[in-house]
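Have a look at the structure below before the remarks.
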Amino acid sequence: VEIEYWQYIFDARITAMDQLIENFETANPDITVKQSTFPYADYRTKVAAAIPAGQGPDVVQLFYGWLNDYVEADLIQPLPEDRFPAEQIEADFFPMVRAMKIDGAYMALPTAVRSLALFYNKRMFKNAGFEAPPANLDELVEMAAAMTQKDGAGNITAEGFTSGMTAQDHHWLREVLLRQFGGVPYSDDNKTVTYNNAAGVAALQFYTDLEQKHGVTKSTFMDEPQAAFKAGRAAMHIDGSFRIGALKDTRGLDWGVAELPAGPDGSKSNYASYWVNAITSKAEGEKYDASVKFMEYITSDEAMQIWLDTVGELPAKPSAAMTEANLADPVFGPFVAGLNYAQTTVFVDESGQRQVLVDAVSRMFLEGQSAEDALAAAATAEQAILDGYYNK
Amino acid sequence: MSFYRNLSIRQKQVVWAWAFLALPILFYTVIRFYPTLNAVILSFQSWNLLGPREWVGAENYIKLWHDPVFWKVFRNTFVYLILGTPISLVLSFVIAYQLDKTRLLHGTLRALYFLPFLTSTVAMAWVWRWFYQPVPIGLFNNFLASLGFAQISFLNSTTNALPAILLPAIWAGLGFQIIIFMAGLRAIPTSYYEAARIDGVSGWTIMSEITLPLLKPTIVFLVVFSSIGFLRIFDQVFNMTTNNPGGPLDSTKPLVLMIYQTAFSSFDMGYAAAQTVVLFGILLVVSLLQLRILKDKP
Amino acid sequence: MRKPAKGPRDPYAVLRWTLLAMGAIVMVMPIVYMLSASIKYPFEMYDLNIIPKEPTFENYTYVLSDGRFLRWFGNSLLIATLTTISAVFFDALVGYALCKFTFRGRTFVFIAILSTLMIPTEMLVIPWYLMSKSLGWLDSYWGIMFPGIMTAFGTFLMKQFFETVPDDFLEAARIDGLNEFQIWWSVALPLVAPALSALAIFVFLGNWTAFLWPLIVTNSQDLYTLPVGLTTFSVEQAVEWELIMTGAALATIPTLIVFLIFQRYIIRGVAMAGLKG
Amino acid sequence: MATVTLHNLVKAYGKAEVLHGINLEVADGEFVVFVGPSGCGKSTTLRMIAGLEDVTGGEVQIDGRTVNHLEPKDRDIAMVFQNYAIYPHMSVRKNIGFGLRTSKLSKPEREKRIEEVAAMLSMTDYLDRKPAQLSGGQRQRVAIGRAMVRDPAVFLFDEPLSNLDAQLRSQMRLEIKKLHQRVGTTIIFVTHDQVEAMTMADRIVIMKDGHIQQIGTPAEVFHQPANIFVAQFIGAPSMNLMPGRAVSGGVEVGGTVIARETDHSGELTIGIRPDDLHVTEGEGRFAGRITLLEPLGSETLAYVDIGGQEVVARADGRNPPALGSMVQLAVDPENLHLFGADGVAIK
Amino acid sequence: MATVTLHNLVKAYGKAEVLHGINLEVADGEFVVFVGPSGCGKSTTLRMIAGLEDVTGGEVQIDGRTVNHLEPKDRDIAMVFQNYAIYPHMSVRKNIGFGLRTSKLSKPEREKRIEEVAAMLSMTDYLDRKPAQLSGGQRQRVAIGRAMVRDPAVFLFDEPLSNLDAQLRSQMRLEIKKLHQRVGTTIIFVTHDQVEAMTMADRIVIMKDGHIQQIGTPAEVFHQPANIFVAQFIGAPSMNLMPGRAVSGGVEVGGTVIARETDHSGELTIGIRPDDLHVTEGEGRFAGRITLLEPLGSETLAYVDIGGQEVVARADGRNPPALGSMVQLAVDPENLHLFGADGVAIK
Ligand SMILES: Nc1ncnc2c1ncn2[C@@H]1O[C@H](COP(=O)(O)OP(=O)(O)OP(=O)(O)O)[C@@H](O)[C@H]1O
Ligand SMILES: Nc1ncnc2c1ncn2[C@@H]1O[C@H](COP(=O)(O)OP(=O)(O)OP(=O)(O)O)[C@@H](O)[C@H]1O
Ligand SMILES: [Mg+2]
Ligand SMILES: [Mg+2]
């Protein structure tokens, strides 16, 4: 029997999955797995067109934030309770995976999770005489200021710190800064926006001050934050663990990774996200059985380690992630450590919710709005998105 | 066969006409009209692509009416049209007019002007995006900075971004319009100009009283098709603002991009369909108006 | 078409020519930058020099060494060619029928076809997908091609072109005993040959760069077209621009060559469109 | 070869009737020319014979067989068009051969036939050229060749010469005439040029507004025009027309009475061909002043004002009278044409 | 009104010289027609006079003033083009008025002038029509009106009648001739139709391959052609040419000796105009068989084969000889044209 597996195109992921499939097929000679991959930018569209049409894969990789829609439309089958007992999952996996439990059944499981960390340019650090990466936000600002370079006209030619709401910064703002300044983004049931308060304003103000007050960053610098860092024109850059692969091959860049800086009160926070694997409603009969077996394999410890080694993404189980070796790893260590205190946002419309924060910052930069007004408007807009979803 | 033989010539023509059109009509009906109709129906439904479709009446349209983003997008769409069509027409006319008078390397110059038309929008959008970057990487800003001017925020600005995106769109279509204009100019008999020279009328009079009126069919053609093009602008915007599509703050978002996002980011198919219907209406009205205004006047 | 107009003396000739030449250079600048970027290393990507300090064909080797690229290139070529042939054929057929036959409903059919220009294809993709699924066209060349096998713009153009063909030609053939299809095929079509070439280049370009639908309808990478394939160089949150530029350059070069070879013909054909707006 | 018969042929476009019942018998091998002003329905008639237009009423018969519903290709006709309708993308050989596409001849037979026709038209050397490389006259010959190659029973020509310049026109006129003498096929030829009609036709059909005005040999229509329209249309320069009156002993015109007996009484229109009105040294019928001279070489046309009416008269080519001089004009009473108030000729 | 003088006028396009030194004096008020086959350089000459083409060598003088470097508008000329060059999007009024745009007349004066010109051309009723609503002849009149309105010193016409049909052409010919008589402006008129040249010109300039062949009045060029080219070009149908020889007592041609004295000896070409070669009842100079007849109404052209050579002769219109019959052809020895081996006429 042949089953089909879909994910998006990213060389390391494809390689890793090829290896997993090979191992799996050796163990289960009667099953073949066909992997199909699609460009990242359009993966979601592709999946959304195919699965409802009954065309897609038997096992599919989805961003965790999309799952709800698929479950509601009965396009995803729950994982069989006998093979994936809920207690077992809750014991083994990081707690954030609980978001995958819908109406008492687990619908999907990740192989790996990712978190944020601070990448830094060792050469620029050395030139500025810094030994260690910033431990907290104040240090971040100070050190960034020291490493920012400007030309005669005051244009930035090298950033101390990268910024860009359209990249990872909206996660940093929402789940990290906001909490570090004493706020919470959403109510416990995730249905209400709770960041429109002094803490929220302080977080937003801190973020925008980086550019507007301290001048250590410019959000449009070199088009994309990662490009600036990659080109060696930024000292510090916050990004996900998936960036490791791209940076590894970059000529002439000497970089290190550190945990995200702590907040004013010393609190730590991080944002974690993950892609999950799920069995679609297309899989029936022996394909279903084969899919279940495949799911079991790709959520096993062995698969997680392969994934970590090949892709650089962190195992979804603490038992596999929090190993001595991983924690001591200079690159993976900070990410793994971050998982301990990571939060996951329960998105209902990821791009829409991202846009709300993007626009809030844009309004401050381009229209001179105050942080209070910008945040209030963002909260209203995001609440409308949530309401639209939950009150359907 | 004998049935066919007994038809009159006119009837035979009708038979042939429909024979020629049979397959195409089937095609257009199934591939174009049916989905279009589907979109119209969908505009009264709610559908997230994954679940079932539900009737919601005019709710999508009401939502659209009250959606501030829609009005902004509506405005943007017309700004693209109102700036794009006249600018590209005037530019291409001026170039075609001058090129028509040039003989040295005429073919080469013409080919160079036509080249952009052959390129891929995506790749070129990136090049332009790169040109527009702030220092240290943006071509224009580096140029400004090297001359000691302050840099200009091209794309990260609610006022400059739209024109900055429009420029490559005009750039890409210019070659086509130039060639059409040149063909139109060539079709005007030389003796019209010679007669005018003998009458001693000025260059401007020749232009306004002879060249332009005689180019009218060409102008109508270009106005209508370039308007449809600008009202449907999408590729350039989408590719030049990939990080924040239609941004900043929706200041560059045209209707088609809004439709695309509604459909494929928010998966609100019904709402997207309603927007499509509105776009269809706009295109229809604008085209018909233009045809009326441009064709009827003597 | 007459020769370029010429007056006896033209005091502005030099100025005009200089300005036009400068304009032409500006026009091709972005293309030059694309080509330049395709022979740069990533670290030099953001430098503005047109000629790289360290030119490299590594990007090309990389892109071409990926066997898939050639496959995608071939797919695009095949699909664009077949679609072009089909679209030119049917557009010419419909344009001819709408131009040279008189029958009730002619205007209606014409307007109806033209009105399809006003619907963005983005909205049609989902119905097409469902349709393809029920007809089993998914993940096939035919599935990629079918929406483009006829075009409204082409029909419009062809109708214009056929207006320039005198009826006498058709009637002479009718007397010689050809049926209407033969008349169209062996008399009318050759008479508008330049126009066909112009239409062909438009349709070809349109299909060569088509993206959304080929993406949606294909599952296997073996069937990807070039633009779809190119986006595989864009990964999560970042884009490998030098590779995209290389791919774009590779994708553009064939059309440029075709254009440069058939320039006269194509321009003559495009020009026919303008004559009877 | 075949006869062509038109029986009460009517054509209407929608409600507008443009042909009002045309009757004509064309004999086998006859050369008939349709002539008339623009829009009179010549082409329409021809196209109905060819089978390119529906017949609204009446009958078209070719060789005694009603062909109203036959396809053009089954009528055994060939047609030559005003703009030649030769295909610019085909060589002369292919153009001529085009008429054979549906024939059952073998390839070598076709080639032979094409060569034959080309030889007949002296186009052998041009067989491999494209039309763009031919002169106007040669193109017209190709068009004729394409019609000839099928050896049809009837040739139809629709103003085939009107795109040629004067010199070529008269040359092609001769060629077609000679061709007809040689092959003997029935020919129906449409023109609006009366010289063509006069010089080529066995019989001329003069049409106006969808009606036939007269059918006759060139001599008949020239010398015995059926009505004023025909009289004016045929002959260049046009016949002079003057108001006149039947009086006892003749007709009164321009102040003179000319002895010419007629049954008619009352108002008349008198027609005199310029060729019959000579400027004479001696005593003439009319006297007048010369307002304009058109020297044609061997003769000169004099425009003479007689009592406020301008007439055209013929004068000598070598010794024309002086402009502005008073002259006498002579006319033979036999050469007067008389028309009644309704425009119809009076015997 | 003005004189026009061309002095050794040369024109070259690139390396190709197309006019090789044209000399001509056009008197004030004269009507000069340039005639010649296609491509002989007529238009080029005219356009150099108009100032639309650069002068490669020589001089153009208008009214004694060298205008080589003057703009067209400063030459006080007006030109009428073959395709009329009237603007399809303007009413007749605007078209005619277009020539006045640069004049200093006030608005009412202009209006008056337009009305005047329109009246002169009988176009008053059509002033508010668009060209598309006019017939060919009316359009040509508008073009002339636009030229007239400025009251130029010289009118230039470049084949203005060649797009019209035969009837209209002869009518417009007359109108232009009359106009010239009325306004008396100097006119230079280009055509390739010899009938136009003959009937309109005060003097005809016959060109070939960039050289002038002959300049003379219509009678001169018809009756005393300077060479074979002129002899064949002028007159329709063309002059019959036969090889002959000067013998004692006359010239030998077609087997007969005709008494005609000449200084020349040896081979000659003998030209006889068809009009001078009559089919006669009695004894003629030549005998031959009629191969084709072209009835023209008042006369018939007979194509006669005399000893293998075809000549055209004139026969009676009413009683033409029968096709295929043997006839005698008479010619007056005075009417023989003799040309030497170089084609030049011999006195
Ligand atoms: N397709 C048509 N629809 C309506 N009326 C037509 C059509 N074709 C011809 N007519 C009308 O029929 C009449 C005769 O036209 P026809 O073409 O036979 O004239 P014609 O004698 O050939 O003139 P010409 O010398 O200009 O060719 C004209 O009044 C014309 O307007
Ligand atoms: N722009 C040009 N470039 C090169 N050669 C030209 C140009 N215009 C005319 N000629 C050549 O000059 C010669 C004379 O041309 P011109 O137009 O004066 O002839 P024409 O006597 O007016 O002929 P037609 O009766 O055909 O109008 C021709 O051999 C023509 O090919
Ligand atoms: Mg006709
Ligand atoms: Mg000329």
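This structure is a prediction, so every number in the text was calculated from the model and none was measured. A, B, ... follow the sequence lines: proteins, then strands. Residue 1 opens every chain.
- When each of A50(E), A147(E), A78(E), P72(E) is scored by its heavy-atom pairs under 4.5 Å with chain B, the top score falls to P72(E).
- Using a 4.5 Å cut-off between heavy atoms, I86(E) contacts chain B through its backbone alone, with no side-chain atom that close.
- When all heavy atoms of G51(E) and R197(B) are compared, the closest pair comes out as O-NH2, 3.4 Å.
- By the 4.5 Å heavy-atom criterion applied to side chains, R150(E) and I198(B) are counted as neighbours.
- The number of heavy-atom neighbours closer than 6.0 Å to NZ of K112(E), taken from other residues, nucleotides and ligands shown, is 12 or below.
- For E25(E), the CD atom sits in a loose shell: 12 or fewer heavy atoms of surrounding residues, nucleotides or ligands are nearer than 6.0 Å.
- By the neighbour-count criterion of 12 heavy atoms within 6.0 Å, atom NZ of K72(B) is densely surrounded, having more than that number from other residues, nucleotides or ligands.
- E194(B) is listed as a side-chain neighbour of R47(E), based on a closest heavy-atom distance under 4.5 Å.
- Nearest heavy-atom pair across E209(B) and M90(E) is O-CE, 3.3 Å.
- For the residue pair P213(B) and H89(E), the shortest heavy atom distance occurs at CB-CD2, 3.2 Å.
- Of all heavy-atom pairs between D199(B) and F98(E), the closest is OD2-CD2, 3.9 Å.
- Heavy atoms only, all atoms of each residue included: A85(E) and Y192(B) are closest at CA-CE2, 3.3 Å.
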